[in-house]
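Throughout, protein chains are lettered first and strands after them, A, B, ... in sequence-line order, and every chain is numbered starting at 1.
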Amino acid sequence: MIAEVYIDIPANPVNKPFDYRVPEPYRDLLEPGMRVTVPFGRTRRLGFVTALKESSEFTRLKSIDAIEDHLPVLTTELLELGRWLADTTVCATVAAYQAMLPAVLKADYKKVVKVEDPKQLKKQHPNLAGLFESKGQLLWAELVKNDVNLLTSINHALRKGSLSIHQLVRNQATAKHVAVVSASVSAERMKLEYSQLSDRAKRQKEALYYFIHRSDSATFHPTMQALTNEGLSRDAILKLAEKELLRIDQVEQFRNPYKRAIEHTEPLKLTDEQANALAPILQSMDKNEHRVFLCHGVTGSGKTEIYLQSIQHVLERKQQAIVLVPEISLTPQMVVRFKGRFGDHVAVMHSGLSRGEKYDEWRKIREEKVQVVVGARSAIFAPFNNLGLIIIDEEHESSYKQEDMPRYHARDIAIHRAQDHQCPVVLGSATPSLESFARARKQVYTLLSLKQRVNHRPLPSVHIVDLREEMRQGNHSVFSKELLEKIKDRLQKKEQTVLFLNRRGYATFVMCRSCGTVVECPHCDISLTYHRAQHLLKCHYCGYEQAVSDTCPTCGSDAMRFFGTGTQKVEAELSRLIPEARVIRMDVDTTRKKGSHERLLRQFGEEKADILLGTQMIAKGLDFPKVTLVGVLAADSLLHLADFRASEKTFQLVTQVAGRAGRHDLPGEVVIQSYSPDHYAVLDAARHDYESFYNQEMALRRLGSYPPFYYLVLICLTHPEPAKVAEAAERIALILKKHLSDSSQIYGPVVPAVAKIKDRYRYQCMVKYKREPALLPVLHRIMQHFQEGGKNGLQVSIDLNPVALM
DNA sequence: AGCACGCCGACT
DNA sequence: GTCGGCGTGCTC
């Protein structure tokens, strides 16, 4: 028997299956989808078995070393999905497989140096022999870490045979075990032994006594942890186990990230609108029919309840469901809603979990211990075998697009899997992506509309403030008069305010007023942002930091001034203008630590603050009854980005943020500050008019030949030398022009808005096309040709259907 | 990704 | 003459 194995090196030259002989004892065990360790070249690597066969065109086959799994980690469906994913996103097949699995299933490679001939080593390299001391082997990394100059003597010793190198492939997947203690003899016997124990064995007697006097001693098996918590001695228990009076078992345990008890909830009574939306979804499930529904519902229209009740139906049909939620709205609030309804049937997957916790949640899915998974983007690969429904909440969210290889969009994966399983997909959003809404209009998707909020609360009233007018009246503050007054008013009424600004840091750039020099990052083509807390200038692209100087590096004048406003500056302004206000600031800088995101939100929920000030991350999923005012400080910060989606993003963001106000009994109010108050994205968001926005934006997209009228491909090249990228970009553009049809438009090469990142110069080519059969073959060929380069050479990335043109 | 093979500059 | 730089090519 022969196995086809994909080696876990996501590079082009090894992106193909390698044949290996399967040793006799493995023949009944090995299945496609399992991981194996194999000899590869002169090292050992982990690989994925994709197929089994009887013959190979290669004669000198090596054998598989070991099987790493009992159960295939990739199901037949996922193996196939991975191939499709690699093809359609132009990446290595293993890269696709790795993206579908939890990180712990990746191998941990360790190089080990072994002493073969201690005497010779001591004679020829006493310094090396000293390092090894009495140990027979050392980790390569440890050995080299001490002294790089050792390399020469190590090489010499290797050649002389006094040292040898071995490759260790360690499986990182470890289940958590707990020690469980139980009685291994009868109570009578324990009593007897007890009486025979010497009085000096006080701790042992104590422990034994504890077990004897349990009426349920036969079925009593507490964890070691629990017993030591009771004050019993661990050593005494071990001694008793040695005497075979007690036994200790290592029991595999799922880590439980959600320890607190969650109250069970019952299905809510649906409004007519909700019931009308739910019915076709259930119908489609019952007919085992693949259909995509676009659930377009205003914020607060009760989409989640529709999700919950359709999942209920999935469970009744003994099927499984995947629910995708954007990472930032995967809050405890959200988890509680699903766990409350479905309890232990739910696994949760998000970035806040440790690697071990993620692995456990994944195993619950793989071993069919749960039927529902709620998770961020990668949960779309949940290894369910009988999917009945896939839900993507906030389907317009750009975080569903993975930004590194494989550059997939979870929505595309969802539709592909749902076709395999003949089940429906539900896309939900208050502000659908133009792509999805256009498909709904063309009846490719089925549109479900929810126009009313469940509790019949009116949508918040929205005021647009013209910041140009404020400027004219001499107000240079980040707050308009109107907004400031409203914040003060809420403070007095003990109500809460949410303020949104899409820029972190203090000032977005530092400029010399005398010569106009803007301080830029030495490694990137971008201005540095001033962070006041540490009094540093930081690059938001590469993380570079430098001290703030008082004088201009170019002209030496002391006219350096801060421009632009970030969240830190707003925070400072607030404490100056309204010193009594308690402010919580939420941005990448204040939520970097694990759990701080949740902690800040909880504090705000407990009304320990009056104002929540934040970036993107506060735009979604927040639901606090006391919030009656939402302020969007600069609604056009995104609008002027050179991106065809700028208006769409602005519209979505403003709508989402506005939706945070007045979700409960108290009426909500929204103030939008903008330098372009007449822009349709701002106006339509203020009027809660999606269709009007859609129509205007579609007209512009048609004019610019942008999605959803055309598909895009973005090819981005980087290299430390500008001339090298330019040349490669030129050649790629030529290849595209030569091989693609006339109906496709090829743009570039051009230098993108940020011309250099992390000391690498960038160039881009773009293709717009409607139907282009030659596209994927050409892109694969480009990848093959240009991506063979080494570490510092040319890097090529291909992004099909990019979400941003950065 | 590693690692060897292979062809040109500064050293014992 | 050799050590060693990193450009190219292969791993079932």
Side-chain angles (χ1 to χ4, degrees), chain A residues 1-24 26-27 30 32 34-68 86 91-99 103 105-114 124-125 139-141 143-144 148-161 163-170 172 404-406 719-721 723-724 727-728 781 783-797:
Chain A
M1 190 159 71
I2 287 154
E4 286 187 3
V5 177
Y6 272 89
I7 307 299
D8 76 339
I9 299 169
N12 239 309
V14 285
N15 183 26
K16 59 184 175 184
F18 286 77
D19 290 349
Y20 285 89
R21 202 173 307 115
V22 182
E24 186 62 47
Y26 290 159
R27 293 195 179 172
L30 192 61
M34 286 180 173
R35 295 170 307 144
V36 289
T37 36
V38 291
F40 186 67
R42 55 197 63 240
T43 75
R44 276 155 47 79
R45 302 291 306 208
L46 194 73
F48 293 92
V49 174
T50 51
L52 295 171
K53 57 190 185 182
E54 289 306 325
S55 67
S56 167
E57 49 182 298
F58 290 87
T59 41
R60 286 171 177 256
L61 293 187
K62 291 182 180 173
S63 285
I64 283 170
D65 278 339
I67 303 183
E68 298 295 328
C91 76
T93 308
V94 258
Y97 290 148
Q98 279 168 346
L105 293 182
K106 273 201 201 155
D108 182 18
Y109 293 99
K110 290 240 158 73
K111 227 157 105 177
V112 176
V113 184
K114 246 187 184 158
Q124 298 184 329
H125 304 283
L139 288 179
W140 170 268
L143 198 57
V144 179
V148 191
N149 302 325
L150 280 177
L151 274 172
T152 327
S153 29
I154 294 173
N155 275 333
H156 185 258
L158 283 171
R159 237 170 291 159
K160 294 282 176 207
L163 290 180
S164 66
I165 283 195
H166 299 260
Q167 199 78 219
L168 266 188
V169 183
R170 203 167 59 94
Q172 298 184 74
D404 40 52
M405 301 239 245
H719 194 282
E721 292 167 52
K724 290 265 173 67
E727 190 216 316
R781 270 185 44 195
M783 225 29 180
Q784 215 134 57
H785 251 79
F786 289 84
Q787 193 51 102
E788 87 276 280
K791 285 208 180 331
N792 258 352
L794 186 71
Q795 275 174 23
V796 185
S797 81

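The side chain of R42(A) sits closest to dA4(B) out of dA4(B), dC12(C), dG2(B). Closest contact between the side chain of K62(A) and the listed nucleotides dA4(B), dA1(B), dT11(C) involves dT11(C). Comparing dC12(C), dA1(B), dG2(B) against the side chain of R45(A) picks out dG2(B) as the nearest.
Summarising the geometry, the separation between CZ on R60(A) and P on dC12(C) is reported as 12 Å, rounded to the nearest angstrom. One can place OH of Y6(A) at 17 Å from P of dA1(B), the figure rounded to the nearest angstrom. Between the CD atom of Q98(A) and the P atom of dA1(B) there is a distance of 11 Å, rounded to whole Å. Atom CG of L46(A) and atom P of dG2(B) are 13 Å apart (whole Å). One interatomic measurement links the two molecules: CG of D19(A) to P of dC12(C), which rounds to 11 Å at whole-angstrom precision. Atom CG of N15(A) and atom P of dC12(C) are 16 Å apart (whole Å). Straight-line distance from the CZ atom of R44(A) to the P atom of dC12(C): 14 Å, rounded to whole Å. The CD1 atom of I9(A) sits 13 Å away from the C1' atom of dC12(C) (whole-angstrom rounding).
Across all strands shown, F40(A) has heavy atoms under 4.0 Å from base atoms, whether or not it also approaches the sugar-phosphate. Note on R21(A): nothing from the nucleic acid sits closer than 4.0 angstrom, heavy atoms only.
With N15(A) contributing its side chain and P10(A) its backbone, the two residues share no donor-acceptor pair below 3.5 Å.
Counting heavy atoms from C-beta outward, E68(A) and L105(A) have side chains that stay 4.5 Å or more apart.
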Exercise. Decide yes or no on side chain to side chain contact (heavy atoms under 4.5 Å, CB included) for F40(A) and I9(A), but give the supporting numbers first.
Key: CA-CA 11 Å; F40(A) 186 67; I9(A) 299 169; 4.0 Å; yes
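In summary, of the residues considered (R45(A), R44(A), R21(A), R35(A)), a salt bridge (Lys or Arg N to Asp or Glu O under 4.0 Å) with D65(A) occurs for R44(A) alone.
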